[in-house]
Student: 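What follows is a structure written as structure tokens; I'll ask about it next.
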Amino acid sequence: MALSSTDDLPLCLFIATGGTIAMQVDPSTSAPIPALSGSDLIKAVPAIATIARLEINNLSNVPSVEMGPQRWVQLHQVIEAALARQDIAGVLVSHGTDTLEETAWFLDLTLTSSKPVVLIGAQRNASESDFDGPRNLLSGARVCVEPESSGKGVMAVLNDQINAAREVSKTHTSDVESFNSGDAGFLGRVDGDTVIFYRSSCRRQYLSLGRDSLPRVDIVAMYAGADATSLNAAVQAGARGIVIQALGAGNVNAEVYAAISQAIEADVTVVIATRVPRGRVRPLYGFAGGGSTLKEAGVIFANDLSSQKARILLMLAIQSIRSATELQDIFDQ
Ligand SMILES: NC(=O)C[C@H](N)C(=O)O
């Protein structure tokens, strides 16, 4: 459905997927649930017609806990087809904030166009008087039509702050100032009606989406006193890859180390990430389970990617690559 506004404005595709931005409080339970379609959202923010002409795709209305490989592939296909059209300047996607960074990273890795793709969401639902959805929608649209957005990859725009897909993460459960890019810093910001970029994203990667179904990759958490039960269960479940959310610079205890060694012998690719929000993992310590011994055992180090982003990179990479050296090269970029 195309919503008309000034004819000479750029045309963007607006894809609604769900999330709190599309939720209202259900009076019978007093809890927010999916309620608004993409069309409802746009109708509630008439000022958007001064920024862009929008074509609306009400793709889904799900909380982002329901996002995953199947929906990512579907979203990828819809966006790839839209960006191939000459008349489309960019794509705006509304999304729940809980897994927004994962969808953004998957799309950033797999889309081929240099046209902007902007993900937005909201921390407060549409029944709240200080609902942040409209502001994020307007700012997202501004970034989507901004000529300087070209080649910046997939971006997350919330609270007027522009983040690159590789670096962005949700850092607060409820505050509207939640999404940031850690050590890398924001890509830019929206100031009133002006989009200001501070930098480009210089660490972008492309991995082709070979098949429609991605290989199973699980995340296993390391913590004080952890045993190998979860890791062994992932191997039993048929995981082709396992990302360990390790400690510190990339360490596990002796029991988990032994299980990792066995998993690698059974041809499961194991990637070490960390639960620490900032910094890289590396082969540092020589005790059983320290990074140096893990490297000896044949693990891949996830660089500074969170475990959830390392999982996505691994899912895409092991479609075609199995050699540890080549996989490590991909994670080192
Ligand atoms: N603020 C939000 O959008 C959170 C919501 N649970 C979601 O991710 O769908």
Side-chain angles (χ1 to χ4, degrees), residues 98-102 104-105 109 163-173 175 178-186 202-203 205 217-235 239-266 268-318 324-333:
D98 290 348
T99 62
L100 188 147
E101 67 209 56
E102 289 171 66
W105 177 229
L109 285 168
N163 295 276
R166 189 185 198 285
E167 291 117 19
V168 69
S169 66
K170 180 172 179 171
T171 66
H172 197 284
T173 54
D175 202 312
S178 175
F179 284 82
N180 71 49
S181 297
D183 287 345
F186 298 118
C202 56
R203 299 177 72 191
Q205 278 173 264
V217 174
D218 290 327
I219 298 175
V220 171
M222 172 65 206
Y223 46 88
D227 65 18
T229 309
S230 304
L231 198 148
N232 290 337
V235 175
R240 288 192 48 213
I242 296 174
V243 175
I244 309 288
Q245 189 185 73
L247 305 178
N251 309 303
V252 300
N253 63 22
E255 182 171 342
V256 173
Y257 168 57
I260 287 173
S261 304
Q262 277 172 12
I264 292 171
E265 273 164 34
V268 177
T269 303
V270 179
V271 169
I272 299 292
T274 177
R275 72 180 190 182
V276 180
R278 289 163 50 209
R280 291 162 57 228
V281 283
R282 58 201 172 100
L284 184 60
Y285 294 101
F287 58 82
S292 173
T293 64
L294 288 166
K295 187 173 168 60
E296 278 299 303
V299 306
I300 314 295
F301 284 83
N303 202 331
D304 59 356
L305 288 174
S306 63
S307 46
Q308 60 271 27
K309 287 193 184 165
R311 170 179 175 252
I312 291 169
L313 188 56
L314 186 60
M315 281 168 132
L316 289 165
I318 58 173
T325 318
E326 282 177 72
L327 285 170
Q328 188 60 68
D329 281 349
I330 288 174
F331 277 90
D332 284 345
Q333 285 175 41

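Here the structure is a predicted model, which is why all the values come from computation and not from measurement.
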Student: Can you tell me how far the CD1 atom of Ile242 sits from the CG atom of Asn232, to the nearest 0.5 Å?
Tutor: 8.5 Å
Student: Restricting to non-hydrogen atoms, name the atom on Ala324 and the atom on Ile300 that form the minimum distance, rounded to 0.1 Å.
Tutor: O-CD1, 3.5 Å
Student: Tell me, yes or no, whether the heavy-atom count around Arg240 atom CZ, taken from other residues, nucleotides or ligands under 6.0 Å, exceeds 12.
Tutor: yes
Student: Rounded at 0.5 Å granularity, tell me how far OG1 in Thr274 sits from CZ in Arg278.
Tutor: 13.0 Å
Student: How long is the gap from CH2 on Trp105 to CD on Glu167, to the nearest 0.5 Å?
Tutor: 8.5 Å
Student: Hey, which of Leu231, Val268, Val220 is the one that makes side chain to side chain contact (heavy atoms under 4.5 Å, CB included) with Ile260?
Tutor: Leu231
Student: Where the side chain of Ser181 meets the backbone of Phe186, is there a donor-acceptor pair that is under 3.5 Å apart?
Tutor: no
Student: Show every side-chain hydrogen bond (donor to acceptor under 3.5 Å, both in side chains) that has at least one partner inside residues 221-230, sequence neighbours left out.
Tutor: Asp227-Thr229
Student: Under 3.5 Å, side-chain donor or acceptor atoms of residues 287-295 against the rest of the protein: list the pairs with distances, not counting sequence neighbours.
Tutor:
unit_1	atom_1	unit_2	atom_2	d
Thr293	OG1	Phe287	O	3.3
Thr293	OG1	Gly289	N	3.0
Thr293	OG1	Gly290	N	3.3
Thr293	OG1	Gly290	O	2.7

Student: Answer yes or no: is there a side-chain heavy-atom contact under 4.5 Å between Gln205 and Phe331?
Tutor: no
Student: Once you round to the nearest 0.5 Å, how far does NZ of Lys170 lie from CG of Asn163?
Tutor: 13.5 Å
Student: For residues 307-318, dump all side-chain donor-acceptor pairs below 3.5 Å to protein atoms at least two apart in sequence or in another chain.
Tutor:
unit_1	atom_1	unit_2	atom_2	d
Ser307	OG	Gln245	NE2	3.1
Gln308	NE2	Glu101	OE2	3.0
Lys309	NZ	Ala165	O	2.7
Lys309	NZ	Arg166	O	3.1
Lys309	NZ	Val168	O	2.5
Arg311	NE	Val217	O	2.8

Student: Might you point out which heavy atoms bring Val256 and Ala226 nearest each other, and give the distance in Å?
Tutor: CG2-O, 4.2 Å
Student: List the atom of Ile264, the atom of Gly298, and the distance in Å for their closest heavy-atom pair.
Tutor: CD1-C, 3.7 Å
Student: Can you name the nearest heavy-atom pair linking Val281 to Ala302, along with the distance?
Tutor: CG2-N, 3.5 Å
Student: Got a sec, which residues hit side chain to side chain donor-acceptor pair (under 3.5 Å) with Asp332, two or more places apart in sequence or on another chain?
Tutor: Gln328
Student: Would you call Leu247 and Arg275 a side-chain contact if the rule is heavy atoms closer than 4.5 Å?
Tutor: yes
Student: Among all residues two or more places apart in sequence or in another chain, which pass the side chain to side chain donor-acceptor pair (under 3.5 Å) test with Asp175?
Tutor: none
Student: According to salt bridge (charged side-chain N to carboxylate O under 4.0 Å, His left out), who are the partners of Arg203, at least two apart in sequence or on a separate chain?
Tutor: Asp304
Student: Can you see which heavy atom on Ala259 is nearest to which on Ala228, and at what distance?
Tutor: CB-CB, 3.5 Å
Student: Is the closest side-chain heavy-atom distance between Val299 and Ile244 below 4.5 Å?
Tutor: no
